[in-house]
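Please read the structure below before turning to the comments.
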Amino acid sequence: MEDRKIRVAITHGDTNGIGYEVILKAFEDPVMLELCTPIIYGSPKVAAYHRKAMDLQAPFTIINSAEEAREDRLNLLATFDDEVKVELGQSTEESAEAARKAMQRAKEDMQKGLYDVLVMAPVKPNPNPAKDDKALTVMLSDVVRIGLVTAHLPIKEVSQAITVEKIVNKGTIFHTSLKRDFRISNPRLAVLALNPQPGTEEQEIIIPAIEELEKNGIQAFGPYVADEFFGQALYHDFDGVLAMYDDQGVVPFKTLAQEYGVKLKAGITAICTTPDHGPAFDIAGKGIADEMSMRHAIYTAIDMFRHRIEYDEPMAHPLPKLYHEKREDGDKARFAIRAKDQFKKADAPEEK
């Protein structure tokens with residue numbers, strides 16, 4: 001990589017939400033410009049409207065292409081020429097379309113390699129999200145990292161969507177991301193149970209999936225009952241937690257991540273993060289939105305970019321192995337009282 005600051009593309013999100021507020025607030029601190037070269041994909045007119053409405057002290061430089069981005073400046077790339085009516089706090093098709101146009105331009109520039117990482121300001125969730133088994137949604141803070149095996153599904157469909165293959169796939173993606181994106185040499189994964197009491201899914205799907213992950217050299221433990229796992233703060237013993245569905249992971253995450261939360265898509269080529277909150281229409285334009293999640297989404301993307309370079313460089317030219325590596329079984333002993341023992345069939349005979 002050439003000797004320059006990391007280029008961070010930032011899409012402006014829904015123009016009637018808090019996207020511009022949290023972006024501009026984040027860059028009111030001049031230290032942010034020492035960390036990266038930001039390129040906001042959005043609208044100069046809409047950005048100026050938000051800045052004036054909330055008296056934000058974050059001047060920006062208007063550019064027409066990512067190649068024009070200057071260091072030590074908050075660059076704003078005009079992604080469309082259309083007039084956009086700003087109706088703060090209102091979810092409109094026009095504001096959602098402005099978000100889509102910014103995202104489309106950012107994707108095009110990503111394919112051209114015009115920036116290094118992407119951070120997305122919040123948008124209203126897609127009511128019909130595309131299923132993507134090649135990626136894993138991970139929520140992270142300084143307290144816990146939680147990945148979701150399934151997402152955006154009605155509860156009644158979750159048990160049918162969970163398979164051994166899917167859990168193994170998501171667990172493998174999580175393991176690789178923890179090593180490559182967070183530089184954790186030997187990650188420990190906790191896998192949550194689906195049911196609060198022993199059930200078919202644990203016996204026939206989740207436990208076999210954990211065993212398969214172990215065979216593949218991944219330290220996976222569980223299944224843990226969710227309320228006991230979080231209630232007893234067992235997450236402190238693990239580098240990542242694999243939840244079976246949205247609420248099982250999102251609710252404890254929101255409770256634990258008091259100061260900030262960040263979402264990322266693990267398992268994809270691009271580095272892409274977003275604040276762990278929506279466009280917050282209810283507080284848009286009031287000047288009270290907290291920019292900490294946006295700051296940390298930027299920090300996380302920058303750290304991931306650097307970590308991948310550190311991880312990939314030696315992997316490209318590995319040294320010959322000159323010794324036999326003995327597997328460390330310390331963690332297995334530590335977690336000897338396996339969570340999956342909770343889910344032994346009730347009619348199983350006792351050992352004598």
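None of the values given here were measured: they were computed from a predicted structure.
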Measure from the side-chain N and O atoms of [X] to the backbone N and O of [Y], and report whether any donor-acceptor pair falls under 3.5 Å.
| X | Y | value |
| --- | --- | --- |
| Q248 | A226 | no |
| E202 | L194 | yes |
| E157 | L153 | no |
| D29 | V31 | yes |
| E21 | I288 | yes |
| S177 | I173 | no |
| E94 | K85 | yes |

Examine [X] and [Y] and state if one hydrophobic cluster contains both, with Ile, Leu, Val, Met, Phe, Trp and Tyr joined whenever side-chain heavy atoms are less than 4.5 Å apart.
| X | Y | answer |
| --- | --- | --- |
| L77 | V8 | no |
| V262 | L35 | yes |
| L140 | I302 | yes |
| V46 | M120 | no |
| V138 | Y260 | yes |

For this session: In sequence, state the C-alpha distance, the side-chain angles, and the governing distance for K5 and D72, and then conclude on side-chain contact (heavy atoms from CB on, under 4.5 Å).
Result: CA-CA 9 Å; K5 292 179 182 177; D72 304 319; 2.6 Å; yes
First locate atom [atom1] of [X], then atom [atom2] of [Y], and finally report the distance between them rounded to the nearest 0.5 Å.
| X | Y | atom1 | atom2 | result |
| --- | --- | --- | --- | --- |
| I40 | T79 | CD1 | OG1 | 11.0 Å |
| D290 | R295 | CG | CZ | 9.5 Å |
| L76 | K45 | CG | NZ | 13.0 Å |
| H296 | D276 | NE2 | CG | 13.0 Å |
| M103 | H12 | CE | NE2 | 10.5 Å |
| T273 | M294 | OG1 | CE | 8.0 Å |

For this session: Begin with the C-alpha distance, continue with both residues' side-chain angles, and end with the deciding distance and a verdict on side-chain contact (heavy atoms from CB on, under 4.5 Å) for I39 and D109.
Result: CA-CA 11 Å; I39 307 171; D109 284 0; over 6 Å; no
What are the two closest heavy atoms between [X] and [Y], and how far apart are they?
| X | Y | value |
| --- | --- | --- |
| I167 | L242 | O-CD2, 4.1 Å |
| P38 | N75 | O-ND2, 3.1 Å |
| T37 | A69 | CG2-CB, 4.3 Å |
| M292 | E259 | CB-O, 3.9 Å |
| V149 | K170 | O-CE, 3.5 Å |
| M244 | L192 | CE-O, 3.5 Å |

For this session: For side-chain hydrogen bond (donor to acceptor under 3.5 Å, both in side chains), just list the numbers for K265 and T137, CA-CA rounded to whole Å, side-chain angles, deciding distance to a tenth of an Å, and then say yes or no.
Result: CA-CA 5 Å; K265 281 287 186 182; T137 298; 3.1 Å; yes
Using side-chain heavy atoms (C-beta onward) and a distance below 4.5 Å, is [X] in contact with [Y]?
| X | Y | value |
| --- | --- | --- |
| M304 | V117 | no |
| V84 | E97 | no |
| I63 | R73 | no |
| R145 | D239 | yes |
| I298 | F27 | yes |
| F230 | I146 | yes |
| L256 | S141 | no |
| R306 | I6 | yes |

Please check if atom [atom1] in [X] has more than 12 non-hydrogen atoms from other residues, nucleotides or ligands closer than 6.0 Å.
| X | atom1 | result |
| --- | --- | --- |
| K107 | NZ | no |
| E165 | CD | no |
| D282 | CG | yes |
| E83 | CD | no |

For this session: Check the pair Y41 / Y115 against side-chain contact (heavy atoms from CB on, under 4.5 Å), numbers first and verdict last.
Result: CA-CA 12 Å; Y41 282 70; Y115 58 82; 3.5 Å; yes
Would you say the side chains of [X] and [Y] form a donor-acceptor pair under 3.5 Å?
| X | Y | answer |
| --- | --- | --- |
| D14 | S95 | yes |
| N16 | T92 | yes |
| S185 | K179 | no |

Exercise. What pairs of residues pass the ring-ring contact (aromatic ring centres under 6.0 Å, His included) test when at least one of them lies in residues 166-209, not counting sequence neighbours?
Worked result: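 Every candidate ring-ring contact (aromatic ring centres under 6.0 Å, His included) pair involving residues 166-209 fails, so no pair, neighbours aside, qualifies.
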Does the distance from a Lys or Arg side-chain N to an Asp or Glu carboxylate O, for [X] and [Y], drop under 4.0 Å?
| X | Y | answer |
| --- | --- | --- |
| K25 | E28 | no |
| E310 | R183 | yes |
| E67 | R7 | no |

Exercise. Between T15 and Y49, is a side-chain contact (heavy atoms from CB on, under 4.5 Å) present by the stated rule, with each step listed?
Worked result: CA-CA 10 Å; T15 52; Y49 180 93; over 6 Å; no
For this session: Could you tell me how the ring of Y20 sits relative to the ring of H50: parallel (under 30°), tilted (30 to 60°) or perpendicular (over 60°)?
Result: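 Y20 vs H50 ring planes: tilted.
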